[in-house]
Amino acid sequence: MAKMVVLLVLFTLFLSFSTNEVGCKRIYREDHMELKRQLKHLNKLAKKTIRTKYGDTYDCINLYEHPFFNYHSLKNHTYDFPVRSTSNPKGIRDQKSSLLFNPSNFWLNGKGCPDGMVPIKRNTEDDLKRAKLATEIHNSKYKPLTIDRPGTHYAIVRTKNTNIVYHGGSTSISIYNPKVEGTQYSSARIKVLNGPDSIEVGWTVNPTLYNDTSTRLYTFTKTSNSSCFNTFCKSIIPTSTDIPLGIPIVPISTLDQQFDMKFMLFWDSSNGNWFLKFGQDETDIGFWPKNVFTALGDGASYVEWGGEVFSPPDMPSPPMGSGRAHLQQDTVFDAYCRQIKTINETDFVVNAVDTEKLSDIQQYEVLDEGMTGAADFQHLVLFGGAGGYTGNKDF
Ligand SMILES: *[C@@H]1O[C@H](CO)[C@@H](O)[C@H](O)[C@H]1NC(C)=O
Ligand SMILES: *[C@@H]1O[C@H](CO)[C@@H](O)[C@H](O)[C@H]1NC(C)=O
Ligand SMILES: *[C@@H]1O[C@H](CO)[C@@H](O)[C@H](O)[C@H]1NC(C)=O
Ligand SMILES: *[C@@H]1O[C@H](CO)[C@@H](O)[C@H](O)[C@H]1NC(C)=O
């Protein structure tokens with residue numbers, strides 16, 4: 001009975017967030033069929049099955065057998081397709097050590113897939129449905145939170161409009177676990193944009209996507225053709241044997257100790273692909289082939305850092321970052337993006353300059369502290385809020 005209710009609620013939510021156009025629904029169904037075909041195909045490719053301490057099942061498949069390779073016509077990839085960036089961004093790096101992420105705590109076997117293989121989550125139909133709903137929600141970028149319009153809110157710092165082509169950006173973001181309910185989400189991320197295309201990467205608490213309230217790694221890819229989280233559309237190709245997208249990020253910051261995680265997006269100008277580098281040692285864990293994009297395949301025109309939340313119209317908006325009502329201008333209390341950097345046209349990682357801040361409602365604050373003089377923090381951004389915005393509705 002409880003399950004029926006959940007399904008009914010999900011179904012109703014799905015209906016309320018999908019647009020009324022027949023075209024969209026057809027695309028949904030086709031996507032869905034395509035994903036089901038993929039699932040079948042993946043099952044055939046599975047060489048080994050591994051489990052996580054959270055009860056999820058993953059299949060290990062050979063990296064080069066990932067179905068997206070064929071889709072993107074990356075022929076002859078066994079020889080010449082770079083699944084790691086061909087060069088690394090240059091410049092001075094992090095002084096302070098951020099969270100030493102240990103994926104072995106995630107896997108029951110303590111190590112993930114064998115060398116040369118990548119873990120692919122064995123998704124259920126429910127996972128696919130929830131991922132689709134999560135995408136619909138994420139794409140509904142309405143500012144006002146009114147009775148009939150859900151609300152997405154931001155507190156970010158971004159580069160100003162210039163002619164610079166960014167080869168990427170990076171930051172270390174503090175890890176929190178803001179309390180969200182229902183279809184709400186609360187994220188902290190770095191984002192690169194160009195024209196209709198964007199890539200977001202960071203952590204999110206998103207029960208619609210993950211069916212739990214853990215803080216998890218996520219990517220969101222948007223192009224003129226499609227948009228999705230993680231690998232739910234043919235965008236990012238995962239390349240890590242032990243760090244899948246969606247992995248929980250622990251530990252969570254407290255007043256006693258703050259933990260953060262480094263995220264880097266790097267555009268490899270020699271092939272046009274975007275690489276996701278994760279953690280202190282900037283491990284490549286996935287890449288987006290150039291031909292996924294129309295504009296971003298030629299580099300980024302903007303880089304953004306900060307928080308984003310969503311709430312449906314029937315509940316007050318959720319906390320962002322550490323969830324305090326007002327910024328204390330102190331990284332012990334406030335969520336932060338430290339060492340916000342861009343990667344310049346000669347592939348140097350440099351401190352972000354010419355930035356501006358943006359938050360759409362006063363419940364979420366952001367401070368661009370600029371260069372702080374502290375080597376650990378350098379160009380620092382503080383963001384967050386308790387939420388509780390109800391729009392023009394009384395609760
Ligand atoms: C594939 O790449 C290898 C090495 O670059 C090359 O020797 C071979 O001729 C290529 N094969 C095809 C079919 O293009
Ligand atoms: C969500 O997780 C719970 C266990 O916490 C499980 O019983 C339920 O079936 C899951 N729901 C969906 C929609 O996957
Ligand atoms: C977008 O769709 C068009 C037509 O459906 C297709 O030709 C193009 O290759 C697609 N672009 C990407 C980046 O997938
Ligand atoms: C990139 O940064 C490096 C190091 O600061 C600098 O030497 C180089 O001139 C910069 N390149 C561009 C294109 O701005």
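Note that these values count all heavy atoms, side chains included, but never hydrogens, waters or copies made by symmetry. Remember, it's 1-based here, ligands and their atoms both numbered in the order they're listed.
Ion pairing of Lys290 with Asp268 is absent here, as no side-chain N (NZ or NE/NH1/NH2) approaches a carboxylate O to less than 4.0 Å. Taking 4.0 Å as the cut-off between side-chain N and carboxylate O, Lys47 and Glu65 count as a salt-bridged pair.
Test Thr171, Asp330, Asp260 against Tyr336 for side chain to side chain donor-acceptor pair (under 3.5 Å) and you get one pass: Asp260.
Near Val350, with a cut-off below 4.0 Å to any heavy atom, the atoms of ligand 4 are 2 (O), 5 (O).
The single protein non-hydrogen atom nearest to atom 11 (N) of ligand 4 is Thr346 OG1, 2.8 Å, given as residue, atom name and distance. When only non-hydrogen protein atoms are considered, atom 2 (O) of ligand 4 lies nearest to Asn344 ND2, 2.3 Å.
Protein heavy atoms all stay at least 4.0 Å away from atom 7 (O) of ligand 4.
A cation-pi contact, defined as under 6.0 Å to the ring centre and within 45° of the axis, is absent between Arg189 and Phe220.
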